[in-house]
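Working notes, structure below.
Convention: sequence-line order gives letters A, B, ...; per-chain numbering from 1. Since the model is a prediction, treat every value here as computed from it, not as a measurement. Atom set for the values below is all heavy atoms of this structure, side chains included, hydrogens, waters and symmetry mates excluded.
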2 protein chains.
Amino acid sequence: MLPPRRQKILAAIVEQYIETGEPVGSKALLANAGLDVSSATIRNEMAELTALGFITQPHTSAGRVPTEYGYRYYVDNLMQPKELEENERRRIEAGVDYRSGDPEILLETAGEALVNLTNFAAISKAPSDENAFIRNIEMVPISPKKAMVVLLTSTGILKSKPCRTDVEIDADLRKTFIDVVDQNFLGKPLSSVGTVMIQTLAASLGAKALSMSPLLVTIADLVEAASVSEVNLAGQSNLLGYKEYDDNAGQLLDFLHREEPLNMLVSSGDTDSDIEIRIGSENRYKELENSSMIISKYKIGENATGAIGIIGPTRMNYSKLVPSIKYLSEIISKVLSDVYEEETSSGEEG
Amino acid sequence: MLPPRRQKILAAIVEQYIETGEPVGSKALLANAGLDVSSATIRNEMAELTALGFITQPHTSAGRVPTEYGYRYYVDNLMQPKELEENERRRIEAGVDYRSGDPEILLETAGEALVNLTNFAAISKAPSDENAFIRNIEMVPISPKKAMVVLLTSTGILKSKPCRTDVEIDADLRKTFIDVVDQNFLGKPLSSVGTVMIQTLAASLGAKALSMSPLLVTIADLVEAASVSEVNLAGQSNLLGYKEYDDNAGQLLDFLHREEPLNMLVSSGDTDSDIEIRIGSENRYKELENSSMIISKYKIGENATGAIGIIGPTRMNYSKLVPSIKYLSEIISKVLSDVYEEETSSGEEG
DNA sequence: TTTAGCACTCGATTGTTTGGAGTGCTAATT
DNA sequence: AATTAGCACTCCAAACAATCGAGTGCTAAA
């Protein structure tokens, strides 16, 4: 544990650097932090902090800049999350589209709200639920031999796909479809649907297998599509404004367009803590070595979880951002739970 | 009309500048273009072309760069569209996801194919059809007082939204819903649904108006949402690589994120020509003054049209890009027509 | 009408100088 | 022993100067 004065100095350096973006020197620190010592003393302490790896110098005759380790120590031990200001609370609330109830739209607008609020890029992940089940499957004919198949899951995800059948869609086929869906899909977990299951099912249909087969395949595709929860990104272009990305902005943006790593980013991490801060190389991706993420998990009921957060340069105002993201995450939890959770005994309000 | 030699020189300047990105001087031109005159003659011609406004000099002692007007003349009179190479044709075909049949996915993959092929940003607009009508509306209960309402249009667009009802959803309400939908919505053009129509309809329902009202409002919302056809953008980050955007990349990307102008970009323009090239300020947006667009319209059947194309720096290889985009547009037309058009007498193939 | 020749222009590149912020060390002070 | 004033030193950034060369327009000859 660092001695109190050193802690105070480290915190002051981090905060001042976050604010100004310039390496902070001993004198500037003296003016700013409420310390009753001379600049020489501060210099001595700074030399110590440098030796310990908390701060570093861009070059010999420059001020100090926090290292990743320094940020980490600050975030873990020194930072005091700021109270969320009333007008920011309102900005968040105003930005989120409660009304539609569509989780996609909710997350999209929530992401945009974060973007506007923070001037960073926002990342969000739609709710994924291991226990999600099939709420409904419909077949809507659009021509004699084509139909749109629509899947709705318990988490509110809706997927659809056109399907071309080998035979004409008549009352008979529709009846069969409804029966098959009723008995084999409704209420079943998404994870139970797969190639094997479809084949077994087709085999058991006997004479009707031929006509049903394309429809079954389409259902399987839809379930597959509904199982991978999408990651959304917004405000990437904000990042261009920060000088830490001047060189390799393209590289970063390209990285953020790729699906898999994004998914990893919002999926991994502690399951117990509701907010997670990852600084620089803690993100495990070379492209993010100068970036930090603040990610908060949200819950819908017991099983479904998603995440929302921001990506920006390591030099971000952690103490201010954390409460904002926490609050937004709570809102999402609440709104989505309200719409999609099985209703319990508790009454409902307007 | 420009004298032939001057045309030849202008074309050579444009093409060389497109290739190298450097202002082209009289000597460089001599080496490259197959002209049998001295550099001094070329200089004289270049002076003329400058006076006429086709080319310009960045500064006194630099080579020449095409003006917008120069590009325009080149595109209209001098350019010879290159034959589409076999491997590029294959790249386009390989990039597009035919199979899903979902217009959204098709356009998304088509956009990505364009991005990969051209290294510019791709823009696309989903089919919009003034005569589009409502194919189907379903209500899927998800709890006693909540239901998911799903709308499917004749152009294959699917929208859904949860709806909270004031009374419990019972067989009675479902029956009413089906009847109301059957009689008032199915087969009706999207444009016929609006606030007034909904209110009139509600009034005519008498005692059932109360229970149906939230559902009707939801339907109206869905029709509204299905009416605006979405514009898709891909590969924005590619643009960062071009030095013409070095200063204001952020501004451009921000612009491209906004919905309305994008919509304008792909909507406006000649209705008769199938491909449209807009150079620099012809785009009418200040943010695009250094950008060009090549947009091709595609058709589904008689009424529905959409568009796909690219956005990039004015200095782009028009003669090579035009055929690629044309071809991609044809593919989209064909695939979407195949899936969504009302089947006519012509038979269908696998 | 074309071309060789030439003086001129001006951005890009490279080198030089200077100023100042910040440092670490030493010696004096508390 | 801890703190501080003082000072020599380092090194970046900004300003300034010098040079280079591609490209031009013009003139006069072919």
Side-chain angles (χ1 to χ4, degrees), chain A residues 2-10 12-17 19-67 70 243-244 246-247, chain B residues 2-10 12-67 70 243-244 246-247 315:
Chain A
L2 244 37
R5 192 174 66 186
R6 232 169 255 178
Q7 287 195 353
K8 219 168 169 180
I9 289 176
L10 177 57
I13 292 173
V14 172
E15 276 159 17
Q16 191 161 325
Y17 180 68
E19 191 173 343
T20 66
E22 299 294 321
V24 342
S26 52
K27 277 184 199 159
L29 204 56
L30 189 62
N32 202 305
L35 289 172
D36 226 15
V37 290
S38 78
S39 68
T41 309
I42 293 185
R43 274 206 292 286
N44 288 333
E45 297 281 36
M46 282 165 92
E48 270 302 309
L49 285 169
T50 304
L52 293 169
F54 290 106
I55 53 182
T56 182
Q57 298 180 279
H59 55 85
T60 332
S61 70
R64 301 304 211 285
V65 164
T67 60
K243 61 173 187 301
E244 23 280 87
D246 270 359
D247 311 327
Chain B
L2 245 37
R5 191 174 65 185
R6 231 168 257 176
Q7 287 194 352
K8 219 167 169 182
I9 290 177
L10 177 56
I13 292 174
V14 172
E15 277 159 16
Q16 191 161 326
Y17 180 68
I18 284 173
E19 192 174 341
T20 67
E22 298 295 321
V24 342
S26 52
K27 278 185 201 161
L29 205 54
L30 189 61
N32 201 306
L35 289 172
D36 226 16
V37 291
S38 77
S39 68
T41 308
I42 294 184
R43 273 205 292 286
N44 288 333
E45 296 282 37
M46 283 166 91
E48 271 302 310
L49 285 169
T50 305
L52 293 170
F54 290 106
I55 53 181
T56 183
Q57 299 180 277
H59 55 86
T60 330
S61 69
R64 302 303 211 286
V65 164
T67 61
K243 62 174 188 302
E244 22 278 88
D246 269 1
D247 310 328
R315 181 198 143 217

Protein-nucleotide distance (B:I42, atom CD1; C:dA4, atom C1'), rounded to Å: 15 Å

So, OP1 or OP2 of D:dA22: does either fall under 4.0 Å of a side-chain N or O from B:S61? no

If you check every side-chain atom of A:M46, which of D:dG25, C:dA4, C:dT23 has the closest atom? C:dT23

Hey, could you give me the CZ/CG distance between A:R43 and A:L30, rounded to the nearest 0.5 Å? 10.0 Å

Need to verify one output field. Residue with the more 5' nearest nucleotide on DNA chain C, B:P58 or B:R5? B:R5

Once you round it to whole Å, what is the distance between P of D:dG21 and CD of B:E22? 17 Å

Hey, which of B:L49, B:T50, B:T56 is the one that makes side chain to side chain contact (heavy atoms under 4.5 Å, CB included) with B:T67? B:T56

Hey, could you give me the NZ/CD distance between A:K8 and A:E45, rounded to the nearest 0.5 Å? 12.5 Å

Closest to the B:T41 side chain, choosing from C:dA4, C:dT2, D:dA5: C:dT2

Within a radius of less than 6.0 Å around CG of A:D36, do more than 12 heavy atoms belonging to other residues, nucleotides or ligands occur? no

Find the distance A:I13:CD1 to C:dT23:C1' and express it as a whole number of Å. 14 Å

Rounded to the nearest 0.5 Å, what's the gap from CZ on B:F54 to CG on B:L2? Could you check? 5.0 Å

Result for 5'-nearest mapping on DNA chain C, choosing between B:E45 and A:T50, is B:E45

Among C:dT3, D:dT24, C:dA21, the one nearest any side-chain atom of B:V37 is C:dT3

Separation of C:dG22 atom P from A:I55 atom CD1, nearest Å, is 14 Å

Counting only side-chain nitrogens and oxygens, does A:R64 get under 4.0 Å of the OP1 or OP2 atom of C:dG22? no

Under 4.0 Å, heavy atoms only, any strand: does B:S26 hit a base, just the sugar-phosphate, or nothing? sugar-phosphate

In whole angstrom, what separates B:R43's CZ from C:dG5's P? 12 Å

Does a side-chain N or O of A:T60 approach OP1 or OP2 of C:dT23 to a distance below 4.0 Å, or not? no

Within this structure, what is the CG-to-C1' distance between A:N44 and C:dT23, rounded to whole angstrom? 11 Å

Interatomic distance where NZ belongs to B:K27 and P belongs to D:dG25 [whole Å]: 14 Å

Nearest-Å distance, CD (B:Q57) to P (D:dA22)? 17 Å

